[in-house]
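All remarks here apply to the structure that follows.
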Amino acid sequence: MRPHDFDRGVALPAGLTVAAVSKAADYIERSLADLTDIYFDQANLFSGLVGGFGARALDSHSVYEKHRHRDTAAQRFPDLRRRGSPDPPAPRDSLESKASIRAWQLQAHYDHAGWYVVWRYLVDPTETYEPGRPVIVWRIDIAFLEQSDWKYEGSGASSAGGGRTETFGLIKPAARLKGCAVYARSDVVLRGGKPVPANGDRRPPP
DNA sequence: CCCCGAAACGTTGAGCCTCA
DNA sequence: TGAGGCTCAACGTTTCGGGG
């Protein structure tokens, strides 16, 4: 990772360190480098892997661990809990690992309060950013989200058709996550809502 | 006692709207 | 005019629990 792109002023969950977050992001980039064909085949599945690998890395590199005992179906949140916290953990001891290629938006099936770490990543098959690293984590958001930060998003899914079930969306994610980027690569900027090289060409001619 | 639907988990793509 | 906000459709996996 790029040490100077970490912001040590961002509030983190108790016991979580910048070093642990950095190791986890590095683990994601290295572990998934050979699996980018999955991304081009089914991007949503690949993002699921990114989130899962992030949780796995934090489990081994931080005081946050995956729960060892399977809870009842409605209580599977969170991905990680602070070591030694009661069961079920309080929101302050809960840490959910999410991944996305989107710049800001965040969706979940629940509106649970707790700490969230979001691995914002891109797939760079030409390895323009880092030789040997086709998967790049370009920003890491860490925030404590209240239940009131989420809004319900209905669905028309039924036996008559439709795909997804009900979800919750983070309200005004760009505003809500302002100041929550513990890591942000300075060589990546948002243009057209997508991450692009900061030193890339300006807007292409019409 | 097995099977299968419901419900939990993980997301992206696309379109339209608002507002500075 | 573009960035951000909002909404909804589509997709894939795993676990639970009740009915046949």
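A, B, ... follow the sequence lines: proteins, then strands. Residue 1 opens every chain.
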Interatomic distance, [X] [atom1] vs [N] [atom2] [rounded to whole Å]:
X	N	atom1	atom2	result
A/Trp150	C/dC6	CH2	P	13 Å
A/Leu45	B/dG10	CG	P	14 Å
A/His112	B/dA8	NE2	C1'	11 Å
A/Trp104	C/dC6	CH2	C1'	17 Å
A/Leu177	C/dG4	CG	P	12 Å
A/His109	C/dG12	NE2	P	14 Å
A/Glu96	B/dC9	CD	C1'	9 Å
A/Gln107	C/dC11	CD	P	16 Å

[X] side chain: which of [options] is closest?
X	options	result
A/Ile101	C/dA3, B/dT12, C/dG4	B/dT12
A/Lys151	C/dA3, B/dT12, C/dT7	C/dT7
A/Ser47	C/dT7, C/dG12, B/dT12	B/dT12
A/Tyr110	B/dA8, C/dG5, C/dA3	B/dA8
A/Ala175	C/dG5, C/dC6, B/dT12	C/dG5

A/Trp119 vs A/Val21, side chain to side chain contact (heavy atoms under 4.5 Å, CB included): CA-CA, chis, key distance, verdict: CA-CA 10 Å; A/Trp119 316 97; A/Val21 173; 4.2 Å; yes
Residues from residues 31-42 of chain A lying under 4.0 Å of DNA chain C - heavy atoms: A/Gln42
Lys/Arg N to Asp/Glu carboxylate O, A/Asp79 vs A/Lys66, below 4.0 Å: no
Ring-face cation of A/Arg139 near A/Tyr183 (centre distance under 6.0 Å, axis angle within 45°):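 No cation-pi geometry.
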A/Arg82 to A/Trp115 six-membered ring, cation-pi geometry met (6.0 Å, 45°): no
Categorize [X] for me: base, sugar-phosphate, or nothing, with a 4.0 angstrom heavy-atom threshold over every strand shown.
X	result
A/Leu49	nothing
A/Ala103	nothing
A/Ala99	sugar-phosphate

Check against side-chain hydrogen bond (donor to acceptor under 3.5 Å, both in side chains), A/Arg56 and A/Tyr27: CA-CA 9 Å; A/Arg56 180 198 283 189; A/Tyr27 177 79; 3.0 Å; yes
Closest non-hydrogen atom pair, A/Ala99 against A/Val50: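 The pair with the smallest heavy-atom distance is CB-CG1, 3.4 Å.
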For A/Leu190 against A/Ala103, the heavy-atom pair lying closest together: CD2-CB, 3.6 Å
Selection residues 11-36 of chain A - residue pairs positive for salt bridge (Lys or Arg N to Asp or Glu O under 4.0 Å), sequence neighbours left out: A/Asp26-A/Arg30, A/Asp26-A/Arg133, A/Glu29-A/Arg133
A/Gln105 (side chain) and C/dT7 (base): donor-acceptor pair under 3.5 Å: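 Between C/dT7 and A/Gln105, which were checked side chain against base, a qualifying N/O pair under 3.5 Å is present.
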Phosphate contact (B/dT11 OP1 or OP2) by A/Lys98 side-chain N/O below 4.0 Å: yes
Phosphate-side-chain proximity, A/Thr167 and C/dC8, N/O vs OP1/OP2 below 4.0 Å: no
